Amino acid sequence: MRGSRDRIARFQLLTASNKCRNTYGLELKYRVIGAPNGGIPGHFAGSPKDTHKKAILYIHGGAFILPASPDVQIRMMCKLCSEMDAVGF
């Protein structure tokens, strides 16, 4: 992607703000997790309070300048989490 940092940031927010049409019954929120001064933003499937469940760290392929597409990669992560009784980020 070519463009200024502002243009890339706007495109990232636009992509991340799209809706996931099927979360397979899981709560889905865009969160910042980790340290207060340097957390990592991303979609979290399930509840962060479910510490007894398995956790899936889903790293989508492709350019890391773009967030995961909610209706493609995030939907697939939600399906995996639902089938495995897990949470995902």
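Since this is a predicted model, take the numbers as computed values, not measurements.
With sequence neighbours left out, the side-chain hydrogen bond (donor to acceptor under 3.5 Å, both in side chains) criterion links K53 to D85.
Relative orientation of the Y30 and H43 rings is perpendicular, given thresholds of 30° and 60° on the angle between their planes.
Looking at every heavy atom in both residues, A45 comes nearest to M77 through CB-CE, 3.8 Å. Of all the heavy atoms in S69 and Q73, the pair that sits closest is N-OE1, 2.7 Å. For the residue pair P41 and G39, the shortest heavy atom distance occurs at CD-O, 3.8 Å. Counting all heavy atoms, side chain and backbone alike, N22 lies closest to C78 at O-CB, 4.4 Å.
Within the model, atoms CZ of F44 and CZ of R31 stand 6.5 Å from one another, a figure rounded to the nearest 0.5 Å.
For the pair F89/I33, a side-chain contact is recorded, criterion being any heavy-atom separation below 4.5 Å from C-beta on. Between Y24 and L80, the closest side-chain pair of non-hydrogen atoms is not below 4.5 Å.
Looking at V87, T23, L26 one by one, the single match for side-chain contact (heavy atoms from CB on, under 4.5 Å) with C81 turns out to be L26.
Cluster membership for M76 and I74, using ILVMFWY side-chain heavy atoms within less than 4.5 angstrom, is shared.
Checking side-chain atoms of D71 against main-chain N and O of R21 turns up a donor-acceptor pair under 3.5 Å.
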